[in-house]
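Quick caveat: nothing in here was measured; it's all calculated off a predicted structure. Remember, it's 1-based here, ligands and their atoms both numbered in the order they're listed.
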Amino acid sequence: MKKIALALATVAGLAATGAQAQDYPTRPITMIVPFAAGGPTDVVARIVTDHMSRTLGQQIVIENVAGAGGTTGITRGAQSQPDGYTIMMGHMGTHGAAPALYPNLRYDPTKDFAPIGLAAGTPIVIVAKKDFPANDLKGFLEYMQTNGEKVNMAHAGVGSVSHSTGIFFNSVIKAKPTMVAYRGTGPALNDLMANTVDYMTDQIVNVAPQIQGGNIKAFAIATPERSPVLPDVPTTKEAGLEGYEVSAWNAVFAPKDTPPEIVKKLNDALVKSLDDENTRKRLQELGGVIPSAAERTPEALQKLVESEVARWTPVLKAAGATAE
Ligand code: ASP
C-alpha cells in the first residue's frame, strides 16, 4: 500500500515537473555570479542575460555570491532546486581548475550540472599597475628576477581564472610573488589602478577598457593572435615568452537534473542572445570572443568542462599549486 502511494506521489511529482517545464518561466530567474560585481564574470553575465530575459519573458536577477575562488557560489548553485529558477555563470576556474586545488570540493564540474552553453571566450592578458618599473614583458621578466619577492600578484581566490593562470604564469617565468586574494578581479583591478598591487593575469573583458584608457599597463596577451581591441599589445610569443598560451571562458550552468525542456529553453535564449547585434557588440568591444554555433550547445560545454579539468589538473599540480 505504502509502495503504491509512493509510486503515485512520484507520478504526480513528475507530472507537476512536466507542466512546470512547459510553462517555464513563470517568475524571475536568479543567476548566481560567483564573484564580486563589476568583474568579468559579472559583466559577461549582465550582457548575456539582458537579451536572454527578453526571450524568456522573465527577469534574470544577478546574485553575486563571492568567495573561495568562485566555488562558494557554484556550490550553492549546484545544490539549488533543479527547476530552472537558479542558474549560474561559471568559468574556466570554477569548472576547470578548482578540482585540482580543492581536495574537498563539494561539486564535480563534470557530473553535478546541466550545462546550458558557452557565453564567451576571454583571452588572458598580463597586466600591471601603471607605475610598475617596466614597460614591456622583457623588462618585467628582468625586474622579477631581481626583485620578484617584493612584488604582489592580485587574484580572485584559489582556483579562480586569475589564480590558476597566474600560478601557471609564475611557474613558466619562475617567479614567486606574494599572492593577494580578492573577491573578484573587479576589486583587484581597482587596486591595480590605485597602484596598490603590482600585476595580474586576467580575462580581457575586465582589463581592456583600462588598458585602452592608459590606466594600467598590458605586457602581453596569452593567445596565438593579438586581439582586435588591443592591437598594440603583443602576444606572449611575440614578446619572447614561449609556453604561456592560455584563454579562459564563461559559461551558463544549471544544477543537474534540470528538466531537458528547461535546459532547451535556456539554451535557446542564450543562443538568441549571442546572435543579437547589441550583445555581440558589447562583448566584442571588451575583447570577448563570441562562441560559434557548434560551441554553444550543452553537449559542447560538457565536453569543454571535461577537457578543461583534464588539462588544468596536471598543469596546476606541476606548478606545485595547492589551496593555500
Ligand atoms: N576573472 C575572475 C577570475 O579570476 C573572476 C571575476 O570574474 O571577478 O576568476
Which atoms from ligand 1 have a heavy atom of [X] less than 4.0 Å away?
X    : value
S162 : 3 (C), 4 (O), 9 (O)
V161 : 3 (C), 4 (O), 9 (O)
A156 : 2 (C), 3 (C), 4 (O), 5 (C)
G184 : 8 (O)
H91  : 3 (C), 9 (O)

ask   = Purely on distance, is any nitrogen or oxygen of H163 under 3.5 Å from one on ligand 1?
value =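 Among all N and O atoms of H163, none is under 3.5 Å from an N or O of ligand 1.
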ask   = Restricting to pairs with a member in residues 56-73, which pass salt bridge (Lys or Arg N to Asp or Glu O under 4.0 Å), not counting sequence neighbours?
value =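 Those involving residues 56-73 are E63-R76.
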Do the ring planes of [X] and [Y] sit parallel (below 30°), tilted (30 to 60°) or perpendicular (above 60°)?
X    : Y    : answer
W312 : F168 : perpendicular
F132 : Y143 : perpendicular
F169 : F140 : parallel

Can you tell me which residue and heavy atom of the protein come closest to [atom], and the distance to 0.1 Å?
atom                   : result
atom 1 (N) of ligand 1 : Q203 OE1, 2.6 Å
atom 2 (C) of ligand 1 : T185 OG1, 3.2 Å
atom 7 (O) of ligand 1 : T41 OG1, 2.6 Å

key: K303/E306 ion pair, N-O < 4.0 Å   =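 Judged by the 4.0 Å cut-off on N to carboxylate O distance, K303 and E306 do not form a salt bridge.
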ask   = Is any NZ, NE, NH1 or NH2 atom of the basic residue among K281 and E285 found under 4.0 Å from an Asp or Glu carboxylate oxygen of the other?
value =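 Yes, K281 and E285 are salt-bridged.
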Y24 (side chain) donor-acceptor with L56 (main chain) under 3.5 angstrom =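 Side chain of Y24 to backbone of L56: no pair is present.
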key: G70 to ligand 1, any heavy atom closer than 4.0 Å   =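 It does not; every heavy atom stays at 4.0 Å or beyond.
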message = Please report the interatomic distance CZ(R296) to CG(D268), rounded to the nearest 0.5 Å.
response =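 Taking CZ in R296 and CG in D268, the distance rounds to 11.5 Å.
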query = Between D202 and ligand 1, which residue portion shows a heavy-atom distance shorter than 4.0 Å: side chain, backbone, both, or neither?
reply =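 Under 4.0 Å from ligand 1, D202 contributes side-chain atoms alone.
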